[in-house]
Amino acid sequence: MRKERILLCLAHMSGKEQDFIKEAFDQNWVVPLGPNVNGFEKDLENFVNEQSLVTKQVVALSAGTAAVHLALIACGVGAGDEVIVQSFTFCASSHPITYLGATPVFVDSEEESWNMDPELLEVAIKDRIAKTGKKPKAIIPVALYGMPYQVDRIMEITNRYEIPVIEDAAEGLGSRYNGRVLGTFGKYGVLSFNGNKMITTSGGGALICSNAEDKNKVLWYATQARESYPYYQHEAIGYNYRMSNICAGIGRGQMTVINDHIAHHKHVQALYEELLKDVPGVTMHGNPWPESDSNFWLCTATLDPNLRIKGQENAYKQIVTGAVGGAAGVIHAASKATTDCQPNDNVEALRVCLDKANIEARPLWKPMHKQPVYKNAPAYVNGVSEGLFKVGICLPSGPYVTDDDVRYIVDTIKAAIHLLSVSPVL
Ligand SMILES: *Cc1c(COP(=O)(O)O)cnc(C)c1O
(Lines give C-alpha, C1' and ligand atoms only; values in the text may rest on other atoms or scores of the structure.)
Protein backbone atom coordinates (compact mmCIF):
# COMPACT_ATOMS: atom_id res chain seq x y z
CA MET A 1 0.00 0.00 0.00
CA ARG A 2 1.25 3.45 -0.94
CA LYS A 3 1.40 6.13 1.69
CA GLU A 4 1.09 8.90 -0.87
CA ARG A 5 -2.01 8.82 -2.96
CA ILE A 6 -1.46 8.60 -6.71
CA LEU A 7 -3.64 11.31 -8.22
CA LEU A 8 -5.08 11.48 -11.74
CA CYS A 9 -3.12 14.54 -12.77
CA LEU A 10 -1.41 16.64 -10.14
CA ALA A 11 0.11 20.03 -10.98
CA HIS A 12 3.89 19.98 -11.18
CA MET A 13 5.96 23.16 -10.83
CA SER A 14 9.21 23.87 -12.69
CA GLY A 15 10.55 26.12 -9.93
CA LYS A 16 10.64 29.13 -12.29
CA GLU A 17 7.06 30.10 -11.45
CA GLN A 18 8.10 31.84 -8.24
CA ASP A 19 10.68 33.97 -10.07
CA PHE A 20 8.02 35.34 -12.40
CA ILE A 21 5.66 35.92 -9.48
CA LYS A 22 8.36 37.65 -7.46
CA GLU A 23 9.06 39.92 -10.41
CA ALA A 24 5.37 40.83 -10.54
CA PHE A 25 5.41 41.75 -6.85
CA ASP A 26 8.71 43.63 -7.14
CA GLN A 27 7.35 45.70 -10.02
CA ASN A 28 3.93 46.04 -8.37
CA TRP A 29 2.11 44.40 -11.27
CA VAL A 30 -0.45 42.65 -9.06
CA VAL A 31 -3.33 43.22 -11.50
CA PRO A 32 -5.10 41.43 -14.34
CA LEU A 33 -2.64 42.70 -16.95
CA GLY A 34 1.09 43.22 -17.16
CA PRO A 35 4.39 41.74 -18.31
CA ASN A 36 3.60 38.16 -17.25
CA VAL A 37 0.27 38.21 -19.08
CA ASN A 38 1.96 39.50 -22.24
CA GLY A 39 4.89 37.11 -21.81
CA PHE A 40 2.62 34.11 -21.23
CA GLU A 41 0.59 34.97 -24.34
CA LYS A 42 3.81 35.19 -26.38
CA ASP A 43 4.98 31.82 -25.03
CA LEU A 44 1.63 30.26 -25.94
CA GLU A 45 1.72 31.82 -29.41
CA ASN A 46 5.19 30.41 -30.01
CA PHE A 47 3.97 27.04 -28.84
CA VAL A 48 0.83 26.83 -30.98
CA ASN A 49 2.46 28.41 -34.04
CA GLU A 50 5.43 26.01 -33.95
CA GLN A 51 7.24 25.48 -37.25
CA SER A 52 5.28 28.54 -38.44
CA LEU A 53 2.43 26.28 -39.50
CA VAL A 54 -0.02 29.01 -38.47
CA THR A 55 0.06 32.60 -37.17
CA LYS A 56 -2.45 32.52 -34.34
CA GLN A 57 -2.84 35.05 -31.54
CA VAL A 58 -3.64 34.12 -27.97
CA VAL A 59 -5.64 35.89 -25.22
CA ALA A 60 -5.00 34.76 -21.63
CA LEU A 61 -8.19 34.53 -19.57
CA SER A 62 -9.34 33.63 -16.07
CA ALA A 63 -10.62 30.18 -17.06
CA GLY A 64 -11.14 27.83 -19.95
CA THR A 65 -14.86 28.21 -19.37
CA ALA A 66 -14.46 31.97 -19.94
CA ALA A 67 -12.65 31.17 -23.20
CA VAL A 68 -15.60 29.07 -24.40
CA HIS A 69 -18.00 31.84 -23.39
CA LEU A 70 -16.08 34.61 -25.20
CA ALA A 71 -15.54 32.47 -28.32
CA LEU A 72 -19.31 31.99 -28.53
CA ILE A 73 -19.88 35.74 -28.17
CA ALA A 74 -17.25 36.42 -30.82
CA CYS A 75 -19.09 34.00 -33.14
CA GLY A 76 -22.23 36.09 -32.61
CA VAL A 77 -24.12 33.54 -30.52
CA GLY A 78 -27.12 35.07 -28.78
CA ALA A 79 -30.50 34.23 -27.31
CA GLY A 80 -32.48 31.79 -29.45
CA ASP A 81 -29.46 30.55 -31.41
CA GLU A 82 -28.27 26.95 -31.54
CA VAL A 83 -24.72 25.69 -31.13
CA ILE A 84 -23.65 22.13 -31.94
CA VAL A 85 -21.40 20.62 -29.29
CA GLN A 86 -19.89 17.21 -28.66
CA SER A 87 -22.01 15.46 -26.04
CA PHE A 88 -19.14 13.39 -24.62
CA THR A 89 -17.35 16.13 -22.68
CA PHE A 90 -16.91 18.08 -19.47
CA CYS A 91 -19.78 20.50 -18.81
CA ALA A 92 -17.65 23.59 -19.56
CA SER A 93 -17.95 22.87 -23.30
CA SER A 94 -21.72 23.37 -23.23
CA HIS A 95 -22.69 25.42 -20.16
CA PRO A 96 -21.54 28.76 -21.65
CA ILE A 97 -23.99 28.23 -24.54
CA THR A 98 -26.80 28.42 -22.00
CA TYR A 99 -25.28 31.54 -20.36
CA LEU A 100 -26.13 33.28 -23.64
CA GLY A 101 -29.71 32.04 -23.78
CA ALA A 102 -28.75 29.81 -26.71
CA THR A 103 -29.46 26.08 -27.01
CA PRO A 104 -26.82 23.36 -27.12
CA VAL A 105 -27.44 20.68 -29.72
CA PHE A 106 -25.54 17.57 -28.69
CA VAL A 107 -23.78 15.30 -31.17
CA ASP A 108 -22.54 11.85 -30.20
CA SER A 109 -19.08 10.36 -30.78
CA GLU A 110 -17.47 7.83 -33.07
CA GLU A 111 -15.83 4.77 -31.54
CA GLU A 112 -12.26 5.34 -32.67
CA SER A 113 -11.33 8.71 -31.15
CA TRP A 114 -14.38 8.91 -28.83
CA ASN A 115 -14.95 12.42 -30.24
CA MET A 116 -17.60 14.08 -32.42
CA ASP A 117 -18.87 11.74 -35.13
CA PRO A 118 -18.54 13.66 -38.43
CA GLU A 119 -21.40 11.77 -40.07
CA LEU A 120 -23.75 12.52 -37.22
CA LEU A 121 -22.54 16.12 -37.24
CA GLU A 122 -23.72 16.54 -40.80
CA VAL A 123 -27.05 14.84 -40.03
CA ALA A 124 -27.48 17.28 -37.14
CA ILE A 125 -26.61 20.35 -39.23
CA LYS A 126 -29.09 19.38 -41.95
CA ASP A 127 -31.82 18.53 -39.47
CA ARG A 128 -31.40 21.76 -37.49
CA ILE A 129 -31.61 23.78 -40.70
CA ALA A 130 -34.74 21.83 -41.71
CA LYS A 131 -36.36 22.22 -38.28
CA THR A 132 -35.45 25.80 -37.39
CA GLY A 133 -34.81 27.40 -40.77
CA LYS A 134 -31.37 28.60 -39.69
CA LYS A 135 -27.87 27.27 -39.32
CA PRO A 136 -26.28 26.50 -35.95
CA LYS A 137 -24.05 29.45 -35.05
CA ALA A 138 -20.95 27.43 -34.13
CA ILE A 139 -19.63 23.87 -33.80
CA ILE A 140 -17.63 22.71 -30.77
CA PRO A 141 -15.63 19.49 -31.15
CA VAL A 142 -13.72 18.40 -28.05
CA ALA A 143 -10.33 16.69 -27.71
CA LEU A 144 -11.48 14.28 -25.01
CA TYR A 145 -8.64 13.35 -22.65
CA GLY A 146 -6.39 15.01 -25.24
CA MET A 147 -7.33 12.75 -28.14
CA PRO A 148 -7.66 14.59 -31.47
CA TYR A 149 -11.01 14.45 -33.27
CA GLN A 150 -11.30 13.83 -37.02
CA VAL A 151 -10.07 17.30 -37.83
CA ASP A 152 -10.08 16.84 -41.64
CA ARG A 153 -13.65 15.67 -41.91
CA ILE A 154 -15.06 18.04 -39.32
CA MET A 155 -13.35 21.03 -40.95
CA GLU A 156 -14.50 19.92 -44.42
CA ILE A 157 -18.13 19.71 -43.28
CA THR A 158 -18.12 22.94 -41.28
CA ASN A 159 -16.40 24.82 -44.12
CA ARG A 160 -19.00 23.55 -46.56
CA TYR A 161 -21.81 24.87 -44.34
CA GLU A 162 -19.77 27.97 -43.43
CA ILE A 163 -20.19 27.47 -39.69
CA PRO A 164 -17.28 28.57 -37.45
CA VAL A 165 -15.52 25.96 -35.34
CA ILE A 166 -14.57 26.54 -31.70
CA GLU A 167 -12.12 23.77 -30.85
CA ASP A 168 -12.32 22.77 -27.22
CA ALA A 169 -8.69 21.79 -26.73
CA ALA A 170 -8.85 22.41 -22.95
CA GLU A 171 -7.67 18.85 -22.38
CA GLY A 172 -5.67 18.73 -25.60
CA LEU A 173 -2.91 21.29 -25.04
CA GLY A 174 -0.03 20.05 -27.18
CA SER A 175 -1.98 17.28 -28.90
CA ARG A 176 -1.40 17.28 -32.64
CA TYR A 177 -3.26 16.21 -35.74
CA ASN A 178 -1.07 15.67 -38.78
CA GLY A 179 1.70 17.39 -36.85
CA ARG A 180 -0.27 20.58 -36.17
CA VAL A 181 -1.26 21.69 -32.68
CA LEU A 182 -4.94 21.30 -31.77
CA GLY A 183 -6.81 24.53 -31.27
CA THR A 184 -5.26 26.07 -34.39
CA PHE A 185 -7.61 24.51 -36.94
CA GLY A 186 -10.84 26.28 -36.00
CA LYS A 187 -11.71 29.98 -35.90
CA TYR A 188 -11.10 29.78 -32.14
CA GLY A 189 -9.34 27.30 -29.89
CA VAL A 190 -9.96 26.92 -26.15
CA LEU A 191 -7.20 26.07 -23.66
CA SER A 192 -7.42 25.48 -19.90
CA PHE A 193 -4.80 25.84 -17.20
CA ASN A 194 -6.89 24.60 -14.32
CA GLY A 195 -5.03 22.83 -11.54
CA ASN A 196 -5.37 19.38 -13.07
CA LYS A 197 -4.73 20.13 -16.76
CA MET A 198 -1.53 19.67 -18.81
CA ILE A 199 -0.09 22.86 -17.32
CA THR A 200 -1.60 25.05 -14.65
CA THR A 201 -1.84 28.69 -13.66
CA SER A 202 -3.78 27.54 -10.55
CA GLY A 203 -6.89 28.45 -12.52
CA GLY A 204 -6.92 29.99 -15.97
CA GLY A 205 -7.51 29.57 -19.64
CA ALA A 206 -6.80 31.07 -23.02
CA LEU A 207 -8.45 31.58 -26.35
CA ILE A 208 -6.48 30.98 -29.54
CA CYS A 209 -7.68 33.52 -32.12
CA SER A 210 -7.17 33.55 -35.89
CA ASN A 211 -6.01 37.15 -36.25
CA ALA A 212 -5.42 40.45 -34.45
CA GLU A 213 -8.94 41.68 -35.10
CA ASP A 214 -10.49 38.63 -33.41
CA LYS A 215 -8.01 38.88 -30.56
CA ASN A 216 -8.88 42.52 -29.96
CA LYS A 217 -12.58 41.77 -29.95
CA VAL A 218 -12.10 38.99 -27.38
CA LEU A 219 -9.81 41.17 -25.26
CA TRP A 220 -12.39 43.94 -25.28
CA TYR A 221 -15.15 41.62 -24.11
CA ALA A 222 -12.80 40.16 -21.47
CA THR A 223 -12.24 43.60 -19.93
CA GLN A 224 -15.82 44.89 -19.51
CA ALA A 225 -16.15 46.25 -23.06
CA ARG A 226 -15.01 49.82 -22.44
CA GLU A 227 -15.07 52.58 -25.02
CA SER A 228 -12.12 54.97 -25.34
CA TYR A 229 -13.32 57.87 -23.21
CA PRO A 230 -11.66 59.36 -20.13
CA TYR A 231 -14.63 57.98 -18.15
CA TYR A 232 -16.26 54.55 -18.27
CA GLN A 233 -18.49 54.42 -21.32
CA HIS A 234 -20.21 51.10 -22.17
CA GLU A 235 -22.00 50.31 -25.40
CA ALA A 236 -21.98 46.53 -25.00
CA ILE A 237 -22.01 44.05 -22.12
CA GLY A 238 -18.54 42.82 -21.24
CA TYR A 239 -17.00 40.45 -18.70
CA ASN A 240 -14.21 40.45 -16.16
CA TYR A 241 -12.35 37.50 -17.64
CA ARG A 242 -8.73 38.65 -18.02
CA MET A 243 -5.97 36.55 -16.47
CA SER A 244 -4.17 37.98 -13.45
CA ASN A 245 -0.50 38.87 -13.82
CA ILE A 246 0.29 36.58 -10.87
CA CYS A 247 -1.38 33.56 -12.48
CA ALA A 248 0.33 34.38 -15.78
CA GLY A 249 3.64 34.23 -13.89
CA ILE A 250 2.85 30.65 -12.96
CA GLY A 251 1.99 30.04 -16.61
CA ARG A 252 5.35 31.37 -17.81
CA GLY A 253 7.12 29.02 -15.42
CA GLN A 254 4.96 26.15 -16.62
CA MET A 255 5.77 26.86 -20.27
CA THR A 256 9.39 25.94 -19.51
CA VAL A 257 8.27 22.36 -18.75
CA ILE A 258 5.27 21.89 -21.01
CA ASN A 259 7.14 19.68 -23.48
CA ASP A 260 8.45 17.53 -20.62
CA HIS A 261 4.91 17.17 -19.29
CA ILE A 262 3.57 16.09 -22.67
CA ALA A 263 6.42 13.61 -23.16
CA HIS A 264 5.80 12.22 -19.70
CA HIS A 265 2.06 11.69 -20.26
CA LYS A 266 2.86 9.86 -23.52
CA HIS A 267 5.45 7.73 -21.76
CA VAL A 268 2.98 6.74 -19.03
CA GLN A 269 0.39 5.84 -21.68
CA ALA A 270 2.92 3.68 -23.55
CA LEU A 271 3.78 1.86 -20.33
CA TYR A 272 0.11 1.18 -19.52
CA GLU A 273 -0.37 -0.11 -23.08
CA GLU A 274 2.59 -2.45 -22.73
CA LEU A 275 1.74 -3.76 -19.27
CA LEU A 276 -1.97 -4.22 -19.95
CA LYS A 277 -1.79 -5.66 -23.45
CA ASP A 278 -2.01 -9.27 -22.22
CA VAL A 279 -4.67 -8.61 -19.61
CA PRO A 280 -7.93 -9.87 -21.14
CA GLY A 281 -10.92 -7.61 -20.66
CA VAL A 282 -8.94 -4.38 -20.11
CA THR A 283 -8.26 -2.23 -23.18
CA MET A 284 -6.27 1.01 -23.21
CA HIS A 285 -7.61 3.78 -25.45
CA GLY A 286 -4.69 4.64 -27.74
CA ASN A 287 -4.19 6.83 -30.82
CA PRO A 288 -6.58 5.40 -33.43
CA TRP A 289 -5.04 6.89 -36.60
CA PRO A 290 -1.57 7.76 -37.88
CA GLU A 291 -2.68 11.44 -37.91
CA SER A 292 -3.51 11.44 -34.17
CA ASP A 293 -0.91 12.42 -31.63
CA SER A 294 -2.67 12.69 -28.27
CA ASN A 295 -1.04 14.35 -25.26
CA PHE A 296 -2.76 11.63 -23.15
CA TRP A 297 -3.83 14.18 -20.56
CA LEU A 298 -5.58 11.31 -18.82
CA CYS A 299 -4.95 7.69 -19.72
CA THR A 300 -8.22 5.84 -20.21
CA ALA A 301 -9.20 2.19 -20.41
CA THR A 302 -12.37 0.25 -21.05
CA LEU A 303 -13.51 -2.87 -19.19
CA ASP A 304 -15.24 -5.79 -20.85
CA PRO A 305 -18.71 -6.04 -19.23
CA ASN A 306 -18.00 -9.75 -18.63
CA LEU A 307 -14.96 -9.01 -16.53
CA ARG A 308 -15.71 -9.79 -12.90
CA ILE A 309 -14.05 -7.48 -10.38
CA LYS A 310 -13.72 -8.28 -6.70
CA GLY A 311 -16.50 -6.74 -4.67
CA GLN A 312 -18.64 -5.81 -7.65
CA GLU A 313 -21.71 -7.27 -5.96
CA ASN A 314 -21.42 -4.33 -3.56
CA ALA A 315 -21.03 -1.64 -6.22
CA TYR A 316 -23.28 1.39 -5.71
CA LYS A 317 -24.62 0.06 -2.41
CA GLN A 318 -23.63 3.26 -0.66
CA ILE A 319 -23.94 6.93 -1.49
CA VAL A 320 -20.50 8.44 -2.11
CA THR A 321 -19.87 10.89 0.70
CA GLY A 322 -16.18 11.64 0.23
CA ALA A 323 -16.82 14.22 -2.50
CA VAL A 324 -19.24 16.30 -0.45
CA GLY A 325 -17.50 19.25 1.16
CA GLY A 326 -14.32 18.36 -0.70
CA ALA A 327 -11.99 20.57 -2.67
CA ALA A 328 -14.08 20.28 -5.83
CA GLY A 329 -16.91 22.25 -4.28
CA VAL A 330 -19.43 19.41 -4.18
CA ILE A 331 -21.96 20.56 -1.59
CA HIS A 332 -25.05 18.71 -2.76
CA ALA A 333 -25.27 15.30 -1.13
CA ALA A 334 -26.80 12.75 -3.51
CA SER A 335 -30.18 11.43 -2.41
CA LYS A 336 -29.71 8.02 -4.07
CA ALA A 337 -26.63 5.89 -4.70
CA THR A 338 -27.55 5.30 -8.35
CA THR A 339 -28.86 7.12 -11.42
CA ASP A 340 -30.50 5.75 -14.57
CA CYS A 341 -27.21 6.05 -16.47
CA GLN A 342 -24.01 5.09 -14.69
CA PRO A 343 -20.83 3.03 -15.22
CA ASN A 344 -21.17 -0.75 -15.00
CA ASP A 345 -20.80 -2.40 -11.61
CA ASN A 346 -17.37 -3.81 -12.52
CA VAL A 347 -16.07 -0.31 -13.36
CA GLU A 348 -17.31 1.05 -10.04
CA ALA A 349 -15.81 -1.96 -8.24
CA LEU A 350 -12.44 -1.38 -9.91
CA ARG A 351 -12.58 2.30 -8.92
CA VAL A 352 -13.16 1.22 -5.32
CA CYS A 353 -10.31 -1.35 -5.45
CA LEU A 354 -7.94 1.31 -6.79
CA ASP A 355 -9.16 3.80 -4.22
CA LYS A 356 -8.44 1.35 -1.40
CA ALA A 357 -4.90 0.99 -2.79
CA ASN A 358 -4.57 4.80 -2.64
CA ILE A 359 -4.92 5.29 -6.39
CA GLU A 360 -7.31 7.89 -7.75
CA ALA A 361 -9.39 6.71 -10.71
CA ARG A 362 -12.69 7.97 -12.02
CA PRO A 363 -15.33 7.23 -14.64
CA LEU A 364 -15.29 8.92 -18.03
CA TRP A 365 -17.27 12.13 -18.48
CA LYS A 366 -20.98 11.41 -18.42
CA PRO A 367 -22.37 12.50 -21.80
CA MET A 368 -24.21 15.81 -21.66
CA HIS A 369 -27.29 14.41 -23.41
CA LYS A 370 -27.67 12.06 -20.41
CA GLN A 371 -27.43 14.89 -17.86
CA PRO A 372 -30.75 15.82 -16.25
CA VAL A 373 -29.99 19.53 -16.68
CA TYR A 374 -29.95 19.05 -20.48
CA LYS A 375 -32.94 16.74 -20.78
CA ASN A 376 -34.74 19.13 -23.13
CA ALA A 377 -31.78 19.87 -25.42
CA PRO A 378 -31.84 18.35 -28.92
CA ALA A 379 -29.41 15.44 -29.26
CA TYR A 380 -28.19 13.34 -32.19
CA VAL A 381 -27.05 10.06 -30.71
CA ASN A 382 -25.74 6.67 -31.78
CA GLY A 383 -25.14 5.08 -28.36
CA VAL A 384 -21.35 5.38 -28.54
CA SER A 385 -20.70 7.88 -25.73
CA GLU A 386 -23.28 6.30 -23.43
CA GLY A 387 -21.72 2.88 -24.11
CA LEU A 388 -18.21 4.17 -23.41
CA PHE A 389 -19.35 5.93 -20.24
CA LYS A 390 -20.56 2.57 -18.92
CA VAL A 391 -17.29 0.73 -19.55
CA GLY A 392 -14.58 3.39 -19.25
CA ILE A 393 -12.23 4.47 -16.49
CA CYS A 394 -9.56 7.22 -16.20
CA LEU A 395 -6.19 6.23 -14.76
CA PRO A 396 -3.47 8.47 -13.27
CA SER A 397 -1.14 10.04 -15.82
CA GLY A 398 0.40 13.24 -14.49
CA PRO A 399 4.03 14.35 -14.08
CA TYR A 400 4.28 12.71 -10.65
CA VAL A 401 3.29 9.24 -11.90
CA THR A 402 6.49 7.16 -12.04
CA ASP A 403 7.12 3.91 -13.88
CA ASP A 404 6.89 2.13 -10.53
CA ASP A 405 3.52 3.79 -9.93
CA VAL A 406 2.24 2.51 -13.29
CA ARG A 407 3.43 -1.02 -12.43
CA TYR A 408 1.75 -0.73 -9.04
CA ILE A 409 -1.50 0.50 -10.66
CA VAL A 410 -1.44 -2.32 -13.22
CA ASP A 411 -0.71 -4.90 -10.50
CA THR A 412 -3.62 -3.54 -8.50
CA ILE A 413 -5.89 -3.84 -11.53
CA LYS A 414 -4.74 -7.44 -12.13
CA ALA A 415 -5.30 -8.32 -8.47
CA ALA A 416 -8.80 -6.84 -8.63
CA ILE A 417 -9.84 -9.08 -11.50
CA HIS A 418 -11.86 -12.04 -10.35
CA LEU A 419 -12.29 -13.68 -13.70
CA LEU A 420 -13.42 -13.02 -17.22
CA SER A 421 -16.50 -15.16 -17.82
CA VAL A 422 -15.81 -17.52 -20.68
CA SER A 423 -19.28 -17.29 -22.13
CA PRO A 424 -20.82 -13.87 -22.52
CA VAL A 425 -23.52 -13.05 -19.99
CA LEU A 426 -26.80 -13.03 -21.86
C1 LIG B 1 -11.31 21.85 -18.18
C2 LIG B 1 -12.18 21.95 -19.35
C3 LIG B 1 -12.75 23.16 -19.78
C4 LIG B 1 -12.74 24.44 -19.02
O5 LIG B 1 -11.73 24.78 -18.30
P6 LIG B 1 -11.68 25.58 -16.90
O7 LIG B 1 -10.36 26.22 -17.01
O8 LIG B 1 -11.79 24.55 -15.84
O9 LIG B 1 -12.79 26.57 -16.88
C10 LIG B 1 -13.47 23.17 -20.95
N11 LIG B 1 -13.66 22.06 -21.65
C12 LIG B 1 -13.17 20.87 -21.28
C13 LIG B 1 -13.42 19.68 -22.14
C14 LIG B 1 -12.43 20.77 -20.11
O15 LIG B 1 -11.97 19.58 -19.72
Side-chain angles (χ1 to χ4, degrees), residues 6-9 86-91 93 106 108-111 113-115 142 144-145 147 171 196 272 276 279-285 297-324 326 328 330 332-357 359-375 379 381-397 409-410 412-421 424-425:
I6 306 174
L7 297 172
L8 278 175
C9 185
Q86 182 168 318
S87 181
F88 202 14
T89 187
F90 176 59
C91 64
S93 307
F106 294 111
D108 214 327
S109 294
E110 35 82 5
E111 267 165 342
S113 74
W114 297 6
N115 293 320
V142 182
L144 212 66
Y145 305 114
M147 185 61 73
E171 301 173 3
N196 57 357
Y272 277 122
L276 282 164
V279 179
V282 183
T283 311
M284 289 303 294
H285 176 44
W297 168 58
L298 294 186
C299 299
T300 53
T302 51
L303 295 197
D304 187 317
N306 297 314
L307 194 70
R308 285 199 47 83
I309 298 288
K310 288 178 184 154
Q312 86 178 54
E313 59 285 354
N314 296 321
Y316 297 115
K317 286 278 157 62
Q318 275 181 336
I319 292 175
V320 174
T321 50
V324 180
V330 180
H332 285 181
S335 52
K336 294 182 292 165
T338 57
T339 69
D340 62 355
C341 173
Q342 63 188 20
N344 291 337
D345 287 355
N346 64 353
V347 172
E348 173 59 8
L350 180 60
R351 187 193 67 75
V352 171
C353 285
L354 291 166
D355 186 56
K356 284 184 182 150
I359 300 161
E360 184 187 23
R362 73 172 173 217
L364 304 183
W365 300 126
K366 180 166 177 170
M368 289 305 130
H369 73 273
K370 299 301 292 182
Q371 299 286 2
V373 74
Y374 286 124
K375 61 179 186 297
V381 297
N382 54 20
V384 170
S385 62
E386 185 177 350
L388 287 167
F389 172 62
K390 290 181 175 163
V391 299
I393 192 159
C394 299
L395 301 171
S397 66
I409 294 163
V410 169
T412 309
I413 292 173
K414 285 181 181 168
I417 295 174
H418 226 299
L419 54 104
L420 180 65
S421 350
V425 178

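Just so it is clear, the structure is predicted and the values come from calculations on it, not from any experiment.
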**Request:** Decide yes or no for L350 and L303: does some side-chain heavy atom of the first lie under 4.5 Å from some side-chain heavy atom of the second?
**Result:** yes
**Request:** Flag yes if more than 12 heavy atoms outside E313 fall under 6.0 Å of its CD atom; otherwise flag no.
**Result:** yes
**Item:** Donor-acceptor contact present, side-chain Y316 to main-chain P343, <3.5 Å
**Value:** yes
**Asked** What are the two closest heavy atoms between Q342 and A337, and how far apart are they?
**Response** OE1-O, 4.3 Å
**Request:** Would you check if P363 and R351 make a side-chain contact, meaning some heavy-atom pair closer than 4.5 Å?
**Result:** yes
**Request:** To the nearest 0.5 angstrom, please state how far the OG1 atom of T412 sits from the CG atom of D355.
**Result:** 11.5 Å
**Exercise: identify the closest heavy-atom pair between N346 and I309** = O-CG1, 3.5 Å
**Complete:** Closest non-hydrogen atoms of K414 and V279, given as atom of the first, atom of the second and distance, are CE-CG2, 3.6 Å
**Message:** Within the structure provided, determine whether V142 and F88 are in side-chain contact (heavy-atom separation under 4.5 Å).
**Reply:** no
**Asked** Between CG of N115 and OG of S385, what distance do you get to the nearest 0.5 Å?
**Response** 11.0 Å
**Item:** Pairwise side-chain contact, V410 with Y272, heavy-atom cut-off 4.5 Å (strictly under)
**Value:** yes
**Request:** Scan side-chain atoms only and decide if E171 and W365 contain a donor-acceptor pair under the 3.5 Å cut-off.
**Result:** yes
**Item:** side-chain contact (heavy atoms from CB on, under 4.5 Å) assessment of E348 paired with K317
**Value:** CA-CA 11 Å; E348 173 59 8; K317 286 278 157 62; over 6 Å; no
**Request:** Any chance you could measure Q86, atom CD, to S93, atom OG, to the nearest 0.5 Å?
**Result:** 7.5 Å
**Message:** Do N344 and Q312 have side chains that approach each other closer than 4.5 Å (heavy atoms only, starting at C-beta)?
**Reply:** no
**Complete:** Exactly one of H369, K366, K370 clears side chain to side chain donor-acceptor pair (under 3.5 Å) with S87, and that residue is H369
**Shortest non-hydrogen separation from L354 to A361 and the atoms involved** = CD1-CB, 3.6 Å
**Request:** Return the minimal non-hydrogen interatomic distance between F389 and C341, and the atom names on each side.
**Result:** CE2-O, 3.5 Å
**Fill in**
Which of T302, I417, D304 passes side chain to side chain contact (heavy atoms under 4.5 Å, CB included) with V282? It is I417
**Prompt:** Within a strict 4.5 Å, meaning less than it, do heavy atoms of the H285 and L388 side chains meet?
**Reply:** no
**Request:** Please check if the side chain of N382 supplies one atom and the backbone of D108 the other of a donor-acceptor pair under 3.5 Å.
**Result:** no
**Request:** Please assess L364 against L144 for the test side-chain contact (heavy atoms from CB on, under 4.5 Å), listing each intermediate value before the final yes or no.
**Result:** CA-CA 10 Å; L364 304 183; L144 212 66; over 6 Å; no
**Item:** Minimum side-chain heavy-atom gap L7-P396 below 4.5 Å
**Value:** no
**Item:** Atom of L298, atom of C9 and distance for their closest heavy-atom approach
**Value:** CD2-CB, 4.0 Å
**Request:** Could you check if a side-chain atom of R362 sits within less than 4.5 angstrom of a side-chain atom of C394, using non-hydrogen atoms only?
**Result:** yes
